[in-house]
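Chain letters run A, B, ... following the sequence lines, proteins first, then strands; residues in each count from 1.
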There are 2 protein chains.
Amino acid sequence: MTVTRVDGVRKRRERGSIAPEDIIDAAFAVAERDSIDNLSVQEVAKHLDIAVTSVFWHFRKKENLLRAMSDEAIQAVQQLLPSPNTAISWRAFLEEYYTKMREVYRTNDVLADLVLIRLSEYSLASTHLTYQGVEKIVALLVSAGFSPVNAWRLNGTLLTYTRGIIISERTQRIQQVATIDERQSTLIVPQSMPQLFELVQTNSVSLSMASDDDFTFGLSVLLSGFEQLLKSDQQRVSD
Amino acid sequence: MTVTRVDGVRKRRERGSIAPEDIIDAAFAVAERDSIDNLSVQEVAKHLDIAVTSVFWHFRKKENLLRAMSDEAIQAVQQLLPSPNTAISWRAFLEEYYTKMREVYRTNDVLADLVLIRLSEYSLASTHLTYQGVEKIVALLVSAGFSPVNAWRLNGTLLTYTRGIIISERTQRIQQVATIDERQSTLIVPQSMPQLFELVQTNSVSLSMASDDDFTFGLSVLLSGFEQLLKSDQQRVSD
DNA sequence: ACCTGAACACCGTTCAAGT
DNA sequence: ACCTGAACACCGTTCAAGT
């Protein structure tokens with residue numbers, strides 16, 4: 001922390017010495033420490049050693065700061081995701097794309113909160129960026145033979161499923177991770193739940209429903225379903 | 001609001017006159033008005049015309065009150081969902097079950113927040129109730145010919161997908177509902193997004209990716225994929 | 001134009017004091 | 001055992017005053 005204090009009194013900063021970008025960076029640092037839910041403007045200001053009210057000069061409401069963070073988050077995620085690649089099959093690409101998406105959000109709760117969970121508006125630029133990503137995927141699928149509508153829906157379904165598993169995994173990790181294993185034994189009683197008891201005993205499944213295996217499984221069922229769809233799309237064209 | 005005040009001073013309540021259940025009910029009423037995120041213990045107390053500190057006597061922390069609400073929410077949802085029904089096909093049942101689930105959460109943000117989104121622990125009893133519901137579905141699927149592991153995964157995949165669409169729908173409804181239609185025209189520009197532009201122009205799709213059509217589509221792709229799986233499960237048995 | 005402290009309303013929580 | 005007001009630390013936000 002830079003020392004800019006004299007006798008505990010803040011030295012007044014010169015105009016222009018606080019860039020909005022600095023505030024956003026500090027907000028990310030604090031959010032990573034305290035979580036988005038516990039992010040406080042006061043802590044952001046403390047992190048930069050500026051007055052809280054200075055933050056409010058640049059972002060009139062906390063919500064505005066969060067929106068700016070969301071925009072950065074959307075950009076960051078978009079850059080981490082692979083671009084459509086015609087060198088591999090559409091199926092291999094989608095597998096790679098959504099596996100990567102899951103990994104990105106799983107390893108960064110702040111990004112998941114800002115982009116996937118929190119109720120907020122994004123800037124027009126961010127929304128634009130998002131849809132441009134979708135456009136590229138749809139184009140890839142169309143060139144692979146899907147009808148445009150099916151290409152759109154295929155991508156939407158995978159996005160929705162991946163979002164579901166990210167949130168499931170996150171809630172379970174944060175809430176119960178410490179207890180689920182010990183619970184697993186007392187939770188599933190053989191009398192009223194013979195099927196689940198058997199599955200748990202033989203270690204065939206994880207109770208979380210959001211493990212790597214679960215994701216791989218769900219993804220491949222969806223992709224196989226879409227392969228069937230592709231056949232009928234192609235049939236229709238050749239008729 | 002019951003009048004229990006004399007000259008603006010609260011009349012002291014007799015011991016035992018505040019039931020925990022009353023506080024929970026009031027909390028639901030306030031949450032439905034203000035949303036879970038904006039639920040304040042002060043407002044709950046005001047709603048019952050009791051002292052804030054009285055709430056804290058019954059629930060030592062706000063988190064405890066939220067947990068009690070979550071438990072009630074889980075019970076409420078479970079009662080609204082249909083029970084496994086052997087009179088119809090497994091596919092028809094799952095379609096009905098998850099369509100209903102989507103509807104329940106969609107029409108009640110508080111339930112969705114408490115059960116699906118918020119990071120919290122549930123009581124052992126609630127978790128038990130949830131897994132008992134899963135057990136019944138798994139048993140139904142096993143009796144339809146699925147292997148236990150596939151039955152579990154099939155259900156888990158549908159649950160995850162449904163959760164994803166509920167959250168997608170909710171975030172989009174709350175954040176952009178007013179703007180998305182007017183945005184739709186300026187957002188999708190034909191130059192950089194010819195595919196999406198065409199789809200939007202012809203009204204073939206909704207940008208939300210969480211419409212009724214989207215859900216029906218995703219659900220049926222998953223169910224068809226599982227039908228394929230059933231065939232191979234049955235094949236294995238007859239071998 | 002930008003940075004700041006004082007001040008305010010609201011919130012979650014503690015505690016000692018009532019019955 | 002249960003209900004309460006006073007009191008506290010923290011939060012988001014406004015505003016008038018500095019430079």
Counting only side-chain nitrogens and oxygens, does B:Ser17 get under 4.0 Å of the OP1 or OP2 atom of D:dC3?
yes
Find the distance B:Asp22:CG to D:dC3:C1' and express it as a whole number of Å.
14 Å
Scan every strand shown for a Watson-Crick or G-U wobble partner of C:dC11, both distances under 3.5 Å, and answer none if you come up empty.
none
Counting side-chain heavy atoms from C-beta on, which of D:dT13, C:dT13, C:dT4 comes nearest to B:Val52?
C:dT13
Touch check for B:Ser54, heavy atoms < 4.0 angstrom, all strands: base, sugar-phosphate only, or nothing?
base
Donor/acceptor link under 3.5 angstrom from B:Arg12 side chain onto base of D:dC3
yes
Nearest-nucleotide 5' precedence on DNA chain C, B:Thr53 against B:Arg15:
B:Thr53
Whole angstroms only, please: what is the CG-C1' distance between B:Leu66 and C:dG12?
12 Å
Taking for A:Glu14 and for B:Leu39 the nucleotide of DNA chain C with the nearest heavy atom, the one nearer the 5' end belongs to A:Glu14
Let me spell it out: for each of A:Glu43 and A:Arg60, pick the nucleotide of DNA chain D with the closest heavy atom. Which residue's pick is nearer the 5' end?
A:Glu43
Rounded distance in Å - NZ (B:Lys11) to C1' (D:dT4)
15 Å
Rounded distance (Å) that lies between atom P of C:dT14 and atom CG of B:Asn64
10 Å
Evaluate B:Leu94 against B:Leu154 for side-chain contact (heavy atoms from CB on, under 4.5 Å), listing each step before the verdict.
CA-CA 10 Å; B:Leu94 287 177; B:Leu154 151 46; 3.9 Å; yes
Using salt bridge (Lys or Arg N to Asp or Glu O under 4.0 Å), reason through A:Asp49 and A:Lys11 one step at a time and then give a plain yes or no.
CA-CA 10 Å; A:Asp49 197 31; A:Lys11 205 170 96 193; over 6 Å; no
Will you find, in the side chains of A:Thr216 and A:Asp213, an N or O donor that is under 3.5 Å from an N or O acceptor?
no
Heavy-atom pair with the smallest gap, counting every atom of A:Phe197 and A:Val189:
CD1-C, 4.4 Å
Quickly work out the B:Arg13 CZ to C:dT19 P distance and round it to whole Å.
17 Å
Rounded interatomic separation in angstrom, taking CH2 from A:Trp57 and P from D:dA16:
17 Å
Taking a pair as Watson-Crick or G-U wobble with both distances under 3.5 Å, which nucleotide is matched to D:dC3?
none
The nucleotide from D:dC11, D:dT13, C:dT4 with an atom nearest the side chain of A:Ser40 is D:dC11
Only pairs with both distances under 3.5 Å count, Watson-Crick or wobble alike; so what is the partner of D:dA17 in this structure?
none
Rounded to whole Å, how long is the line connecting atom CD of A:Gln42 with atom C1' of D:dT13?
10 Å
Decide yes or no for A:Leu116 and A:Arg170: does some side-chain heavy atom of the first lie under 4.5 Å from some side-chain heavy atom of the second?
no
Could you state the atom-to-atom distance from CZ of B:Phe56 to P of C:dC11 in whole Å?
11 Å
